[in-house]
Visitor: 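Sharing a structure, written as structure tokens. Questions coming.
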Amino acid sequence: MLSKKIRAMLMAAVILVASLFCGITVSAKSTGISVSGKYSNGTYILQVYGLTKKQYDAFVNQEKGFRVNITSGDGKCNVFLATDLTKRSDGETLAGYKGDNKVYVGLKGNKLSMLSTLSDFCEFTGLYGKAPGKTYGFRLALDAGDRDVAGFLPGLTRDPAVKVTFEDVYRSKVTPGGLSSEHSVNAVWGDAPLTAERCTNGVQVSIPTENYYKYTATKGAEMSLTLKFGSYTVKTVFSGGTGYTVTADRSGKDYIDNVTVKGKLTEHGGITMTCTLSDKTGRKALSSKAVSAVFRVTANGRTICGSTKAAKLLPGGKTKLSTLTVEEIAVQEYQGKAITPQPVIRDGYMKLRKGTDYTITYKNNAALGTASIVLRGKGAYTGTVTVKFSIVPSTEKLASRYNESGLVLSWWKVNGAERYELEKLDGGEFKPFMTFTDGSLSVALPEDTTGSFRIRAVGSSKGVDIPGGWSDIIEI
């Protein structure tokens, strides 16, 4: 009687021979899907990986487009990356994607709905052989300094359990390249930074979901938060559940009767600590001195998250806007009316809030040329900063057609344009071909005309030419 091992070997050989003669495909085992997240320089890096090259290529190049979803364990928060069949997105395509559609990202749930076609909150790339283990997948860099994103993340990272699904853009499940359409995954979430803000006679510190979960999910863990401001120190220690003890001193002397600490669980599983002082000197220190913190979760003699090094949570006194980072305003297209782009100002990686942290005044923002935004500090911020941006004619669109007159090139009317400059490729570079100053929006060319053409609109401000962007190239 043949042994089980020999019978198994013979069966495998029979299947292999049958596949060679009958055209049967023996699919490779699907690579295990993994999800990881970490904070880095003000962004939250979310990665989905573990696909083979065959699976990745087959998935992103489906005829009906693709959509990959990462959904929280409770099903309330969803991040997705999808092809944009409506072509509204400013995003790029992914490595390995052969279609001409762009890609967009969406965040849904946790009282939020955001799309990358509507706001700038995420960058994304295809992990084309660059994921852990040299697998394939997707990488999303969410702007953790955006308060909407910061409010969304706790719902996603509340616990490690997530679901990953692969679909087409019509939400139908797909299995390209032998890839399973649905995966239950235990994600590895990174430590989130503590956040803080001053309140009446005190300071409120938020311990994020990711870190608080590591405390509650680890048997025998202890969580401690030590705040320092001026000569004051307040230490709060959790040693099981939500109960905690508080010690406080000023210059080495106990002052516990003058401090109140209250802990409150957030709806997403983190905890907010509010430290309030009753003595006048302490309140002044909290409002004027820098606040630093040491946060740690330990268990069995080892640190699970946090560190022994103090991190500054709040600056001392008011902060000058001129010391902060203001992102450059992109070139704006002329609209014949006031243009009001919203600047991005960051204190560290956190975005400041208009109306709460600063006010805005626009100057010369309805005409071609250079416009200005004057930012004035408010609340915890002071001083003014002026940001300039350019307003130019819209990028032209060029088309070609044939009519009874022969070959015709036509273009769109652009607001603010004083002339249109048509160029033709000659000797490897574009050179002036025709200029139109009479408002013409088309030109008839000889029927035998060949070559590559482009056009742009040109306006002016105070005697200075201001060109718009070149159109796509038309080849004839």
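Worth saying up front: this structure is predicted, and the values here are computed from it rather than measured.
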Visitor: Show every donor-acceptor pair shorter than 3.5 Å between a side-chain atom in residues 303-325 and any protein atom, with sequence neighbours excluded, or say none if there are none.
Guide:
{"residue": "Ser307", "atom": "OG", "partner": "Lys309", "partner atom": "N", "Å": "3.3"}
{"residue": "Ser307", "atom": "OG", "partner": "Lys309", "partner atom": "O", "Å": "3.4"}
{"residue": "Lys318", "atom": "NZ", "partner": "Gly379", "partner atom": "O", "Å": "2.2"}
{"residue": "Thr323", "atom": "OG1", "partner": "Lys320", "partner atom": "O", "Å": "2.7"}

Visitor: Tyr49 and Tyr136: aromatic ring centres closer than 6.0 Å?
Guide: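 No; Tyr136 has its ring centre 6.0 Å or more from that of Tyr49.
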Visitor: If you count the non-hydrogen atoms of other residues, nucleotides and ligands that lie under 6.0 Å from NZ in Lys76, is the total more than 12?
Guide: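 Counting neighbours around NZ of Lys76, 12 or fewer heavy atoms of other residues, nucleotides or ligands fall under 6.0 Å, so no.
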Visitor: The criterion is ring-ring contact (aromatic ring centres under 6.0 Å, His included); which residues satisfy it with Tyr244, sequence neighbours excluded?
Guide: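 In terms of ring-ring contact (aromatic ring centres under 6.0 Å, His included), with neighbours along the sequence ignored, Tyr244 is linked to Phe238.
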Visitor: What side-chain donor-acceptor pairs closer than 3.5 Å can you find for residues 251-259, not counting sequence neighbours?
Guide:
none

Visitor: What's the separation between atom CD in Gln47 and atom CD1 in Ile70, rounded to the nearest 0.5 Å?
Guide: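 The CD atom of Gln47 sits 11.0 Å away from the CD1 atom of Ile70.
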Visitor: Starting at CG of Asp191, measure out to NZ of Lys38 and round the result to the nearest 0.5 Å.
Guide: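 Here the interatomic distance stands at 12.5 Å.
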Visitor: Determine whether the aromatic ring centres of Tyr381 and Tyr358 lie less than 6.0 Å apart.
Guide: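 That pair fails the under 6.0 Å test.
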Visitor: Below 4.5 Å, heavy atoms only, C-beta onward: do Lys262 and Thr276 meet side chain to side chain?
Guide: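 With C-beta onward as the side chain, the pair stays apart.
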Visitor: Does Phe59 have any ring-ring contact (aromatic ring centres under 6.0 Å, His included) partners at least two apart in sequence or in another chain, and if so, which?
Guide: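 Result, ring-ring contact (aromatic ring centres under 6.0 Å, His included) vs Phe59: Phe66, Phe166.
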Visitor: With side-chain hydrogen bond (donor to acceptor under 3.5 Å, both in side chains) as the rule and sequence neighbours excluded, what pairs involving residues 149-160 come up?
Guide: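 Pairs touching residues 149-160 that pass the test: Thr157-Glu210.
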Visitor: What residues form a ring-ring contact (aromatic ring centres under 6.0 Å, His included) with Phe389, not counting sequence neighbours?
Guide: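 ring-ring contact (aromatic ring centres under 6.0 Å, His included) check on Phe389 returns nothing, list empty.
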